[in-house]
Amino acid sequence: MDSRAQEVLAQVASIGGSDLRWKDGRAFSLAYYAGPEVQEVADRAFAMYGSTNGLNADAFPSLKKFQADVVSTVNRWVHGDEQSAGFMTSGGTESILLAVKAARERGRKEFGITQPNVVLPTSAHAAFEKACYYFGLESRRVPVLADWRADVDAMQQAIDENTVLVVGSAPQYPQGVVDPIVDIAAIARQRNINCHVDACMGGVTLTFLEQLGEPIPLWDFRVDGVTSISVDLHKYGYTAKGASVILHRDRKLRSYQTFMTDNWLGGLYGSSGVLGTKSGGPMAAAWAVMNYLGDEGYQQLTQSARTTTRQLADAIQTIDGLQLRAYPDSTLLSFGAQGFDVFAVADELAKHGWYVDKQGPPDSLHCTVNAVHHEVIEEFIVDLSRAVAKVRDAGSTGSAGAYGTIE
Ligand SMILES: *Cc1c(COP(=O)(O)O)cnc(C)c1O
């Protein structure tokens, strides 16, 4: 490498100096870390294929293989069969956009629905709002029950002849509980419409918790009526960012996702997802990490994240004034405060380098616990109790937060 290249790369490294210290376990959101070996496998595989283009996998048989193997592994995890089929996407949002688009398309083609709506719990991810906005569907949000799970009776009431999709999450992001997928899917089956299970967060974790012997209610293709499932690999798959999988129960359902045109001067153009040119980096990294870890590696990482989540949930229940919103079904949890401002607690934690999500309604803090937190959870719990005591004594108020930004 010449000295100019070295200089520029040193600059690139130093620009990240005030980023979240996610590899040190300080971030309870946005980033996931399974240690230096896994990270190196991901980074090196990514670097080898980062500038290849998944738009045309015939030109890059490598990417075709990475995608086929990754999709087939996730299909096995979620108990799909040889009928079920899917694609890799750039993330949970793209997987959800495509699930909604496929439902809209099926409604139009099979049932002549021109004013489609989606019935979903208020807990379902913001990406469904984005999908409805992009693709011209009505979002019918149905309040959740007191335990934060989907209210299936109310969802049933909200459905009409223009409903093309019902949604359940495994688990939902805000409180970390798994919706009653069996009951949600039953409504879909009864009406012959799509049912998407958003397992962006839980697809990996719930699979391996079940293998580890935890009682997990069914949420995947074993449930009759589930037509599509999204599983993010760039979260609990511990691979590089830009990797998710969308699976459909059969190829007919999948056909409503894809796009093909020859209505321009450039010839036949087909694409499976939202993107055109698409980096091969995330595909190679996902393939590499999944093969490096194997089911056994994921079992260990899942065990570690789950044990740490329980430790944190149990501690929160003993800190005076904090209210755990729900006992976590997997590895996400949220909590509020009684008698003081919970956002001020987050601001106090930030002074010690910790990053947690501020969310609502109701005003809550949210932690996504992953394998990296095993080493630091005791320190975090100490700092959390101190932050609570400080905020309570000072009566301080915190600043609002946002999950994403548009700057
Ligand atoms: C993260 C997440 C999404 C969105 O995925 P992105 O990868 O951020 O686009 C959707 N649903 C759930 C439950 C999630 O946790």
Side-chain angles (χ1 to χ4, degrees), residues 18-33 91-93 96 121-130 144 148 169-178 198-202 205 232 234-236 241 305-306 308-313 315-317 319 321-338 340-373 376-377 379-381 383-385 387-388 391 396-407:
S18 39
D19 285 355
L20 277 178
R21 287 164 50 204
W22 53 282
K23 291 182 186 171
D24 300 331
R26 308 307 278 198
F28 284 92
S29 179
L30 300 169
Y32 302 74
Y33 187 60
T93 299
I96 286 168
T122 45
S123 55
H125 196 271
F128 289 98
E129 244 20 63
K130 192 188 233 179
V144 292
W148 308 100
S169 306
Q172 43 95 304
Y173 185 84
Q175 290 80 27
V177 296
V178 177
D198 178 4
C200 283
M201 260 310 170
T205 304
D232 287 355
H234 62 199
K235 292 174 180 162
Y236 288 97
K241 289 289 182 274
R306 178 64 173 158
T308 309
T309 307
R310 285 180 176 280
Q311 240 178 303
L312 179 57
I316 288 167
Q317 286 176 313
I319 298 175
L322 291 187
Q323 294 167 321
L324 191 62
R325 295 293 178 215
Y327 202 85
D329 284 339
S330 66
T331 49
L332 330 179
L333 59 78
S334 71
F335 55 96
Q338 190 129 56
F340 53 94
D341 184 353
V342 82
F343 289 169
V345 173
D347 292 347
E348 196 54 42
L349 286 168
K351 289 181 198 161
H352 298 266
W354 302 106
Y355 182 88
V356 299
D357 283 340
K358 295 170 178 174
Q359 68 172 32
D363 284 1
S364 310
L365 302 186
H366 182 280
C367 293
T368 301
V369 179
N370 69 80
V372 73
H373 295 120
V376 298
I377 200 67
E379 186 191 348
F380 178 72
I381 290 167
D383 283 355
L384 176 61
S385 355
V388 165
V391 167
S396 41
T397 52
S399 59
Y403 193 73
T405 59
I406 54 175
E407 258 98 81

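These values consider heavy atoms only, across backbone and side chains, with no hydrogens, waters or symmetry-generated copies.
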Any residue meeting salt bridge (Lys or Arg N to Asp or Glu O under 4.0 Å) with [X], in chain and number order, not counting sequence neighbours:
{"X": "Asp24", "result": "Arg21"}
{"X": "Lys241", "result": "none"}
{"X": "Arg306", "result": "Glu214"}
{"X": "Asp347", "result": "Lys358"}

Is any side-chain heavy atom of [X] less than 4.5 Å from a side-chain heavy atom of [Y]?
{"X": "Thr331", "Y": "Asn370", "value": "no"}
{"X": "Asp198", "Y": "Ile96", "value": "yes"}
{"X": "Gln359", "Y": "Ser334", "value": "yes"}
{"X": "Met201", "Y": "Pro171", "value": "yes"}
{"X": "Phe340", "Y": "Leu322", "value": "yes"}
{"X": "Val391", "Y": "Phe343", "value": "no"}
{"X": "Arg325", "Y": "Pro362", "value": "yes"}
{"X": "Gln172", "Y": "Pro121", "value": "no"}

How many angstroms lie between atom [atom1] of [X] and atom [atom2] of [Y], to the nearest 0.5 angstrom?
{"X": "Trp22", "Y": "Leu30", "atom1": "CH2", "atom2": "CG", "result": "11.5 Å"}
{"X": "Leu332", "Y": "Lys235", "atom1": "CG", "atom2": "NZ", "result": "9.0 Å"}
{"X": "Phe335", "Y": "Leu324", "atom1": "CZ", "atom2": "CG", "result": "8.5 Å"}
{"X": "Leu312", "Y": "Cys367", "atom1": "CG", "atom2": "SG", "result": "5.5 Å"}

Subject >> Listed partners of Glu379 passing side-chain hydrogen bond (donor to acceptor under 3.5 Å, both in side chains), at least two apart >> reply: Arg26
Original post:
Taking only residues two or more places apart in sequence or in another chain, which ones pass side-chain hydrogen bond (donor to acceptor under 3.5 Å, both in side chains) with His366?
Top reply: Tyr173
Subject >> Flag, side chain of His125 to backbone of Ala127, donor-acceptor distance under 3.5 Å >> reply: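 Yes.
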Subject >> Criterion ring pair (Phe, Tyr, Trp, His ring centres under 6.0 Å) on Phe28 and Tyr355, from CA distance to verdict >> reply: CA-CA 6 Å; Phe28 284 92; Tyr355 182 88; 9.6 Å; no
Do you know the tightest heavy-atom contact between [X] and [Y]?
{"X": "Ala337", "Y": "Val342", "result": "CB-CB, 3.8 Å"}
{"X": "Ala371", "Y": "Ala305", "result": "N-CB, 4.0 Å"}
{"X": "Thr309", "Y": "Ser330", "result": "CG2-O, 3.7 Å"}
{"X": "Asp341", "Y": "Gly398", "result": "OD2-N, 2.8 Å"}
{"X": "His373", "Y": "Thr368", "result": "CE1-O, 3.4 Å"}
{"X": "Ala27", "Y": "Leu20", "result": "CB-CD1, 3.8 Å"}

**OP:** I would like to know whether Val372 and Lys23 meet side chain to side chain contact (heavy atoms under 4.5 Å, CB included); could you show each step before the answer?
**Re:** CA-CA 7 Å; Val372 73; Lys23 291 182 186 171; 5.9 Å; no
**OP:** Might you work through the side chain to side chain donor-acceptor pair (under 3.5 Å) test for Asp357 and Ser29, ending with a clear yes or no?
**Re:** CA-CA 7 Å; Asp357 283 340; Ser29 179; 2.9 Å; yes
**OP:** Show your working on side chain to side chain contact (heavy atoms under 4.5 Å, CB included) between Tyr32 and His234 and close with a plain yes or no.
**Re:** CA-CA 8 Å; Tyr32 302 74; His234 62 199; over 6 Å; no
